[in-house]
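If you read the sequence from its start, that first residue is 1, and numbering goes on from there. Keep in mind that what you see is a predicted model, and the values were worked out from it rather than measured.
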Amino acid sequence: MKFLGIVLCVAFLALQAKSAQAVCGYESCHETKSNMINIHLVPHSHDDVGWLKTVDQYYYGHRNNIQHAGVQYIIDTVISELIKNPDRRFIQVETSFFFKWWDEQSETVRAIVKMLVNEGRLQFINGAWSMNDEAAVNYQSVIDQFTVGLKFLDDTFGVCGRPRVGWQIDPFGHSREQASIYAQMGFDGEFFSRMDHNDKGRRMNDLALEMIWDASESLSQVKLFTGLLYTFYWDTPGFCFDVHCSDDPIIDSDSYDNNVKSRVDDFIAYAAQVAEKFRTNHIMIPMGGDFQYEDAEVNYKNMDKLIKYVNERQSSGSKYNIIYSTPTCYLNSVHKSVQSYPNKTLDFFPYGSDTNSFWTGYYTSRPTQKRFERDGNHILQVAKQLSAFAELSSTQQKEDLEYLREIMGVMQHHDAITGTEKQHVSDDYDRILYDAIVGGVKTAGDALRKLTNLPNGEFESCLQLNISQCAFTKDGADNVVVTLYNALAHTTKQYVRVPVKNENYQVTDEKGRVVASELIPVPAEVLALEFRDSDTQHELVFKASVDKIANYYIKKVDSKESSNSVKVISQSKANAETYDDGETIVQTSLIKLVLDNKTGLLKRVEMNGVSENIEQSYGLYRTYDSGAYVFRQYNQGDFVIQEDGVEFTVYDGALVKEVHQRFSEYISQVIRISEDKPFVEFEWLVGPIPVEEEFGTEVVTVFSSEIASNGVFYTDSNGRELIRREKDKREDFTPELAVQPTSGNYYPITSRIALQDSKKRLAILNDRAQGGTSMKDGQIELMLHRRLVRDDGYGVGEALNEEKYGQPMIARGKVFLILNAADESTSAEREAEKEFHLPLWKFFSKNSEGTTAAAKSVPSFDDFPKSVHLLTLEPFNDDEVLLRVENFLDHTEGKVVSFNIRPIFDYLNGVEIRETTLDGNMPLSEMKQFKFHAEGSGIRGSEPEYYTSSHKPLSANQTEDAAEFAVTLYPMQIRTFIIKHE
């Protein structure tokens, strides 16, 4: 590295002489030639934030026996090569890796990197903490991880560090909501490289590899230029100049092996093929791949030669002009070309790489990790809000919160939340996420000691409540305070469940009023879990009403005192075999369930004035060569739905009614309905799943109704807008489904799947990302858990066969059913979606009796319109808070709403407020976004066009009238503000 030191020294001297004027972004792009095919050569390295190795193993170049990759060396050598030649370019994508590298650099190196950024030689693309998946992620977490990444780039490099283009080259399918997020951040376009093979073939023929994506049905201006790479994100075939490759270098000396002519001939022939499939005289050719450029001198020396010798041919009539470029510069050239492009309105799911390979298994793979990620997001929102309210300012508090933000960014990576990593990497994700959650809980506790009347409260959290286990109550719940935090804007009423022993308890609220409660037995299958370290065999259930924070007090009492307030639920039904062919009815004031005593299955649901025959059961796919990515059905006869033999017991409480069902040795569930709650809850327990030597097993839950859905169903896009699906159909092409008809109809379900006819609508909501479909009219299917015996051949190199506690993985989770009239608004589903995504977070403390008044109050957001969601409230800088609000109803459900944010501004001691793009890092007043012309949208102009904000950005200070703080939200609109405070 001695040479690098000399280069850095020379570069630093040059830097000293340079003007402070930055020429970055589109101004730094190389000139192109209007009368030629311009080849934009894009050097890049795709660096997974965990996959076959852990994040740190990839960064440090550890365990190269698994995969040779060391990101720190990639960035080192790229910087040294960029310095040598001002024409060279490189794009940096994963901010998490760059952040780690930057933290280790000297001030001299940092100054040189800033010079490279300011001159557009090193460009940041995408800019998020990781290159997120697009199927299993929730939009809140995607926005958060872009905010974290882009904030680091803005703080470090200013405007020259801000990406303008999305680069989603490796995710396994692409969502409409991701495109919407890009557009709302002011990005000019995005590029990706995976598309269904049939769709890509059609688009190649129609010159439709680039398109205008209408990314929202509710927000008319949310459109995004989207392009598919011609081949893949790897190097041009035959032209991988990386040390990991074996393609021929360019030999241009007097050597016998001189190959300049053949190398240039081959490259131009390839460029000609590419140029035939695009509408302008610009084509983009990526030069890079997974963890390439570890010895960047090899790459650049050969690319320099390629550029030199391709361009030399122009003097003899060649029409090809090749330049170092970036996706940003390529898009700029395309925009200047003023062409028309086809429209895209839905999404790119499912991704099929061939007729036998639909990448739909990862929608469900590693279900416990997918749920743990949701827990991470939950405590992140809680900790961020509480930190802002309590004005936490210690170094440790800020570091813990930032670490949780960063780890949640890692978890969005397309090999993390997807479950497509090696097992030891999955274990590492669990480790770092657990550590981050613990830090988030600690930060939240620090805030609650200021914001409640419990200045000495422990505020511990229990992360295993899903198996009715809590260390804080395992020896008894006498004199326990349960502090509940509501991350939503509006007061919520939810049932709280606390693991306890079979004792008599009384629950009171903050005013000393007794709150109705009851004890419910924990299901026998949960008690039987060998790793469950608790003898609490019951749950104490009570209904809580919480604006933002509320305390509920539990104390142990004798049976006389508890007789009116606590009802011990008795077993009212033995197992189903003791009954005839009759029915068992379980009902609250809102819902009636009917179970078939002979089969033991649910058979009918009545709610919201609608009655429908709905049978719910479990099905098994016996699969031969499914893997972490791909779900492959072996043959159609290998799918079996259980039709009878289900044992069940009913517990009939005044507050909660439960049906405990046992389907088999490894499948059981609780059907739960609660007084005043308009949904049916199904809490499933699946595992250990048995497998055969040659066959794996994939478990689904199936809801079968008589609704005449006619092959149509609806799935959410990352927890936001719904997309209409039609069995066996795609928007733009005809899929090949003869080999895999079921997998080819699977879609990612992040929060909701629904179907309806003219009279009734059935919706199923979930608590984590899953794959789902409707293969028969009136039927909804969700895949819950998978245990497989072989790899699917797409790189991970392991069978998806998780183990925990020395046995195959057991998973537990929830789905929720809402039945309604078809002509009723689906807004109730939206509201339930928010409650299930961010339910009350429970903190536990001992009741020390010595309470004092809270040091600081917490604001109420109940004056927000009902459809307004408090999407984000967090410390942004030491003197700034980020506020993000969303109208979560779509154009069919809601209307334009207006409200005033002056009260929250004043609560935060605001001095001034500015509106930004969605990510919070660019003033909305500065947004100038490329506008592209769509086919069929009128006459195309002759000059490039741009979008600016569709509304006047809010900007005000504390001296101005409250009317200046009015906010209007159209259906599905999100607005982001930075409040500067004293």
### Task
Keeping the roles fixed (side chain from Ser774, backbone from Lys776), state whether a donor-acceptor pair exists under 3.5 Å.
yes

### Query
Is there a side chain to side chain contact (heavy atoms under 4.5 Å, CB included) between Met783 and Tyr746 once you walk through the steps?
CA-CA 10 Å; Met783 186 175 286; Tyr746 254 62; 3.9 Å; yes

### Query
Ignoring hydrogens and geometry, is there a side-chain-to-backbone donor-acceptor pair from Arg787 to Met809 under 3.5 Å?
no

### Query
Could you walk me through whether Asp676 and Lys543 pass the salt bridge (charged side-chain N to carboxylate O under 4.0 Å, His left out) check?
CA-CA 10 Å; Asp676 297 327; Lys543 189 178 183 182; 3.2 Å; yes

### Task
Begin with the C-alpha distance, continue with both residues' side-chain angles, and end with the deciding distance and a verdict on side chain to side chain donor-acceptor pair (under 3.5 Å) for Asn377 and Glu373.
CA-CA 6 Å; Asn377 175 70; Glu373 182 277 333; over 6 Å; no

### Task
Could you give me the CA-CA distance, side-chain angles and deciding distance for Thr508 and Tyr552, then say whether side chain to side chain contact (heavy atoms under 4.5 Å, CB included) is met?
CA-CA 6 Å; Thr508 54; Tyr552 284 82; over 6 Å; no

### Message
Ignoring hydrogens, what is the shortest heavy-atom contact between Thr452 and Ile549? Give both atom names and the distance.
### Response
CG2-CG2, 3.8 Å

### Query
With a cut-off of under 6.0 Å to the ring centre and 45° to the axis, is Arg725 in cation-pi contact with Phe713?
no

#### Entry: Thr701 side-chain N/O to Leu782 backbone N/O, donor-acceptor pair under 3.5 Å
no

### Query
With a 3.5 Å cut-off and no angle check, do the side chains of Gln506 and Lys556 form a donor-acceptor pair?
no

### Query
Quick one: do Lys759 and Glu706 make a salt bridge, cutoff under 4.0 Å?
no

### Query
Regarding Ser867 and Asn887, is there a side-chain donor-to-acceptor distance under 3.5 Å anywhere?
yes

### Task
Quick one: pull up CG in Leu840 and CG in Leu838 and give me the separation to the nearest 0.5 Å.
10.5 Å

### Task
Please assess Ile417 against Arg374 for the test side chain to side chain contact (heavy atoms under 4.5 Å, CB included), listing each intermediate value before the final yes or no.
CA-CA 10 Å; Ile417 193 171; Arg374 292 289 193 265; 3.8 Å; yes

### Message
Is the distance between the ring centroids of His660 and Tyr651 under 6.0 Å?
### Response
yes

### Task
May I ask you to decide if Asn466's main-chain N or O and Arg812's side chain share a donor-acceptor pair within less than 3.5 Å?
yes

### Task
May I ask you to check whether Phe459 and Phe472 place their ring centres under 6.0 Å from each other?
no

### Message
Salt bridge or not between Arg604 and Asp596? Use side-chain N to carboxylate O under 4.0 Å.
### Response
no

### Query
Of all heavy-atom pairs between Ile810 and Thr368, which one has the smallest distance, and what is that distance?
O-CG2, 3.9 Å

### Salt-bridge criterion met for Arg830 and Glu893 (N-O under 4.0 Å)
yes

### Task
Kindly state whether the ring of Phe816 and the ring of Phe836 have centres lying under 6.0 angstrom apart.
yes

### Stepwise ring-ring contact (aromatic ring centres under 6.0 Å, His included) check, Phe663 with Phe648
CA-CA 9 Å; Phe663 287 76; Phe648 73 95; over 10 Å; no

### Message
For Glu833 and Ser751: C-alpha separation, side-chain torsions, deciding distance, then whether side chain to side chain donor-acceptor pair (under 3.5 Å) applies.
### Response
CA-CA 7 Å; Glu833 222 167 25; Ser751 64; 2.6 Å; yes

#### Entry: Heavy-atom closest pair, residues Gly771 and Ile749
C-CG1, 4.1 Å

### Query
Between Ala754 and Ile780, which heavy-atom pair has the shortest distance, and what is it?
CA-CD1, 4.2 Å

### Task
Verify whether one side chain among Thr715 and Arg752 offers a donor that lies under 3.5 Å from an acceptor in the other.
no

#### Entry: Glu721 backbone acceptor or donor facing Asp716 side chain under 3.5 Å
no

### Summary
In this structure, CG of Leu601 is separated from CD of Gln642 (nearest 0.5 Å) by 7.0 Å

### Task
Ignoring hydrogens and angles, tell me if any N or O in the side chain of Asn608 forms a donor-acceptor pair with the backbone of Val610 under 3.5 Å.
no

### Query
Strictly by modelled atom types, are Gln616 and Gln669 linked by a side-chain donor-acceptor pair under 3.5 Å?
yes

### Query
Name the one of Asp509, Thr483, Asn847 that satisfies side-chain hydrogen bond (donor to acceptor under 3.5 Å, both in side chains) with Asn551?
Thr483

### Message
Whether the side chain of Asn766 engages the backbone of Lys814 through a donor-acceptor N/O pair (distance < 3.5 Å, no angle test) should be reported.
### Response
no

### Query
Judged by modelled atom types alone, do Asn597 and Thr584 share a side-chain donor-acceptor pair under 3.5 Å?
yes

### Query
Strictly by modelled atom types, are Gln381 and Tyr485 linked by a side-chain donor-acceptor pair under 3.5 Å?
no

### Query
How about Phe631 and Tyr363: are their ring centres within less than 6.0 Å of each other?
no

### Message
Under a 4.0 Å threshold between the charged nitrogen and the carboxylate oxygen, would Arg724 count as salt-bridged to Glu726?
### Response
yes

### Task
Look at the aromatic rings of Trp841 and Phe843 and report parallel, tilted or perpendicular, splitting at 30° and 60°.
tilted

### Query
Under 4.0 Å between a Lys/Arg side-chain N and an Asp/Glu carboxylate O for Arg761 and Glu824?
no

### Query
Would Ser704 and Glu615 count as having a side-chain donor-acceptor pair, cut-off 3.5 Å?
no

### Task
For Ala136 and Thr750, work out which heavy atoms get closest and say how close.
O-CG2, 4.0 Å

### Task
Identify the heavy atoms of Leu595 and Gly600 that sit nearest to each other, and give their distance.
CD2-O, 4.2 Å

### Query
Of Val586, Ile591, Ile764, Thr588, which is the lone residue that meets side-chain contact (heavy atoms from CB on, under 4.5 Å) with Val680?
Ile591

### Worked verdict on Ile689 versus Val699 for side chain to side chain contact (heavy atoms under 4.5 Å, CB included)
CA-CA 8 Å; Ile689 300 174; Val699 180; 3.8 Å; yes

#### Entry: Within the 6.0 Å centroid threshold, strictly below: Phe542 and Tyr495
no

### Query
Thinking salt bridges, do Glu612 and Lys760 make one under a 4.0 Å N-O criterion?
yes

### Query
Between Asn710 and Val712, is there a donor-acceptor pair closer than 3.5 Å when you use the side chain of the first and the backbone of the second?
no

### Query
Does a side chain donor of either Tyr553 or Glu510 reach within less than 3.5 Å of an acceptor in the other side chain?
no

### Task
Could you tell me whether Lys493 and Glu675 have a side-chain N and a carboxylate O separated by less than 4.0 Å?
no

### Task
Spell out, as yes or no, whether a donor-acceptor pair under 3.5 Å connects the side chain of Glu518 to the backbone of Val656.
yes

### Task
Before giving the answer on salt bridge (charged side-chain N to carboxylate O under 4.0 Å, His left out), spell out for Asp652 and Lys657 the whole-Å C-alpha distance, their side-chain angles and the decisive distance to 0.1 Å.
CA-CA 5 Å; Asp652 190 9; Lys657 327 283 183 181; 3.0 Å; yes

### Message
Given 3.5 Å as the limit, does a donor-acceptor pair link the side chain of His490 with the main chain of Pro865, or not?
### Response
yes

### Query
Does the side chain of Ser860 come under 3.5 Å of the side chain of Asp547 through a donor N or O and an acceptor N or O?
yes

